[in-house]
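Report on the following structure.
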Amino acid sequence: MKLTQSVYAGEYFDPEKTLESGQSFRYRRQGKGFSVYSADKACVVYREGDSTVVLSSEEDKKYFENYFEKDCDYGKFVAAAKSCAVPAVSAAAEAGKGIRFLRQNAEETIFSFLLSQNNNIPRIRSIIDKLTLTLGKRKEFLGESYYTFPSAAVLAEKDESFFRDLGAGYRAKFLVSAAKRLAEEGTKRLSALDTPSLVKVLTGFYGIGEKVADCIALFGFGRQECFPVDTWIEKVYRDEFGGTEKDRHKIAAYFRERFGKESGRIQQYLFCYKREKT
């Protein structure tokens with residue numbers, strides 16, 4: 001295997017903050033950095049001086065450059081956020097300027113965020129680890145074994161009891177339903193939809209509400225105009241924006257209208273900032 005490096009300005013790529021921001025769940029600390037897994041691929045991310053390096057196979061270089069948004073000017077994103085009239089947004093952007101947005105595999109994201117409901121990150125990661133170990137294919141990168149994320153077709157062969165045994169609990173029935181549907185339909189047609197239509201279709205999946213649909217659209221389909229609202233964002237809305245609305249649908253609409261096409265990035269800055277401060 002021929003290895004290659006992609007180098008990023010360290011100021012705008014903090015591996016730890018990025019990976020622990022709640023966007024994705026398949027990574028582990030290793031040596032001076034992190035091993036990162038997406039679909040059937042793996043890379044290693046680490047800091048080196050003032051830079052962040054992504055080490056991957058030459059074959060997977062473009063995949064991970066897309067995954068970590070190498071083509072985006074994060075200095076521009078952060079500057080725009082910091083110029084916002086809301087002090088909390090400026091502070092959140094400065095504190096979180098090392099957080100990069102992850103362009104993830106759509107199918108994997110759907111299953112991952114189905115598991116995220118009323119769950120914590122360590123437990124989500126544990127369930128996904130068991131899922132890949134049980135149904136994924138074993139591969140190696142830099143002498144370390146890892147397992148690929150199983151396809152919807154493979155997942156569709158399993159029943160609820162299988163997923164319950166992995167720790168999915170009541171979410172098992174959601175996984176079974178999604179697996180069968182995605183095995184038949186795939187995600188290509190979803191990618192072709194405009195964002196409101198995409199979110200509407202996603203909420204039609206058994207067990208997917210608006211917040212999870214927004215997360216999937218944002219992290220799995222790159223729809224930056226989405227603004228997922230959870231408990232932390234509700235706190236931001238009340239504490240930093242003086243909001244009084246209690247309906248999450250209306251809160252999300254408020255933020256989308258305010259931040260437009262950069263809603264997703266602003267959401268990440270605010271979410272991480274509030275979570276770290278509290």
Side-chain angles (χ1 to χ4, degrees), residues 4-24 27 33-34 36 38 43 45-56 61-106 109 191 194-196 198-199 214-229 232-233 236-237 240-241 252-277:
T4 186
Q5 293 183 348
S6 295
V7 181
Y8 300 70
E11 181 181 10
Y12 297 113
F13 190 176
D14 182 317
E16 183 171 10
K17 282 191 172 184
T18 297
L19 295 170
E20 296 187 350
S21 64
Q23 298 181 63
S24 66
Y27 62 90
F34 295 84
V36 178
S38 177
C43 71
V45 186
Y46 58 93
R47 297 299 293 266
E48 190 170 83
D50 294 330
S51 301
T52 292
V53 177
V54 177
L55 182 65
S56 69
K61 180 178 182 179
K62 287 185 178 180
Y63 181 90
F64 283 110
E65 286 186 343
N66 178 68
Y67 185 85
F68 290 115
E69 287 200 326
K70 195 173 195 307
D71 59 332
C72 292
D73 183 350
Y74 270 78
K76 179 180 177 181
F77 295 149
V78 172
K82 288 174 67 174
S83 68
C84 177
V86 182
V89 174
S90 179
E94 175 61 28
K97 63 184 177 181
I99 299 170
R100 293 190 82 86
F101 185 83
L102 304 178
R103 293 172 178 160
Q104 300 176 61
N105 175 272
T109 304
S191 299
D194 60 44
T195 299
L198 171 61
V199 171
D214 278 343
C215 286
I216 293 169
L218 178 59
F219 303 130
F221 293 87
R223 305 305 175 87
Q224 290 290 342
E225 59 270 41
C226 291
F227 202 106
V229 176
W232 294 110
I233 292 298
V236 168
Y237 172 71
E240 312 297 346
F241 291 82
Y254 165 82
F255 280 119
R256 288 197 304 269
E257 183 176 352
R258 184 146 193 173
F259 297 115
K261 63 182 181 179
E262 294 305 326
S263 290
R265 298 183 202 281
I266 298 294
Q267 193 270 359
Q268 274 294 286
Y269 293 144
L270 289 171
F271 168 80
C272 293
Y273 184 65
K274 192 66 172 178
R275 189 176 63 171
E276 289 175 5
K277 279 185 63 180

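Residue indices begin at 1 and follow the sequence shown. Computation of the quantities below employed the complete heavy-atom set of this structure, encompassing side-chain atoms and omitting hydrogens, waters and symmetry-equivalent molecules.
Using a 4.5 Å heavy-atom threshold, the side chains of T109 and F221 count as separate. Looking at V53 and V45, their side chains never come closer than 4.5 Å, going by heavy atoms from C-beta outward. F77 places none of its side-chain heavy atoms less than 4.5 Å from the side chain of I266. With a 4.5 Å cut-off on side-chain heavy atoms, Y27 and E20 count as touching. A 4.5 Å side-chain heavy-atom check between D50 and E11 finds every atom pair outside the cut-off. Inter-residue side-chain proximity for V54 and Y46 is flagged as unmet; no heavy-atom pair is nearer than 4.5 Å. E257 has its side chain out of reach of F227: every pair of non-hydrogen atoms, C-beta onward, lies at least 4.5 Å apart. Within the 4.5 Å cutoff, side-chain heavy atoms of S38 are placed close to those of Y63.
Surrounding CG of D73 are more than 12 heavy atoms belonging to other residues, nucleotides or ligands, all under 6.0 Å away.
There is no side-chain donor-acceptor pair under 3.5 Å between S263 and E225. Counting only N and O atoms by type, the side chains of T195 and R223 include a donor and acceptor under 3.5 Å apart.
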(request) Kindly indicate, with the supporting measurements, whether the criterion salt bridge (Lys or Arg N to Asp or Glu O under 4.0 Å) is fulfilled by R103 and D71. (result) CA-CA 12 Å; R103 293 172 178 160; D71 59 332; 3.1 Å; yes

(request) With ring-ring contact (aromatic ring centres under 6.0 Å, His included) as the test, would you mind laying out the steps for Y254 and Y237 before giving the verdict? (result) CA-CA 9 Å; Y254 165 82; Y237 172 71; 5.6 Å; yes

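Here F101 and F68 keep their ring centres 6.0 angstrom or further from each other. Residues F241 and F255 place their aromatic rings such that the two centres sit under 6.0 Å apart. Taking the six-membered ring for Trp, Y12 and Y74 have ring centres at least 6.0 Å apart.
The heavy-atom pair separating S24 from Q104 by the smallest distance is CB-OE1, 3.4 Å. Between E69 and R265 the shortest heavy-atom distance is OE1-NH1, 2.7 Å. The two residues R275 and S21 come nearest to each other via the heavy atoms NH2-CA, 3.7 Å. Nearest heavy-atom pair across K17 and I99 is CB-CG1, 4.0 Å. Across all non-hydrogen atoms, the minimal contact from Q5 to L55 is CG-CD1, 3.8 Å. Heavy atoms only, all atoms of each residue included: V199 and A217 are closest at CG2-CB, 4.2 Å.
The backbone N or O of R100 sits less than 3.5 Å from a side-chain atom of Q23, completing a donor-acceptor pair. Checking side-chain atoms of E240 against main-chain N and O of A88 turns up no donor-acceptor pair under 3.5 Å. Under the 3.5 Å distance criterion, the side-chain polar atoms of T52 are left unmatched by any main-chain donor or acceptor of G10.
Rounding to the nearest 0.5 angstrom, the gap separating the SG atom in C226 from the CG atom in L218 is 6.0 Å. The CZ atom of R47 sits 5.5 Å away from atom CG of D14, with the distance rounded to the nearest 0.5 Å. Here the CD1-CG distance, from I216 to L198, works out to 9.0 Å after rounding to the nearest 0.5 Å. Rounding to the nearest 0.5 Å places OG of S56 at 7.5 Å from NZ of K61. Atoms CZ and NZ, on F13 and K70 in that order, are 10.5 Å from each other to the nearest 0.5 Å. Here the SG-CD distance, from C84 to E262, works out to 12.5 Å after rounding to the nearest 0.5 Å.
Listed by first then second residue, pairs satisfying side chain to side chain donor-acceptor pair (under 3.5 Å) with a partner in residues 77-92 read K82-E94, not counting sequence neighbours.
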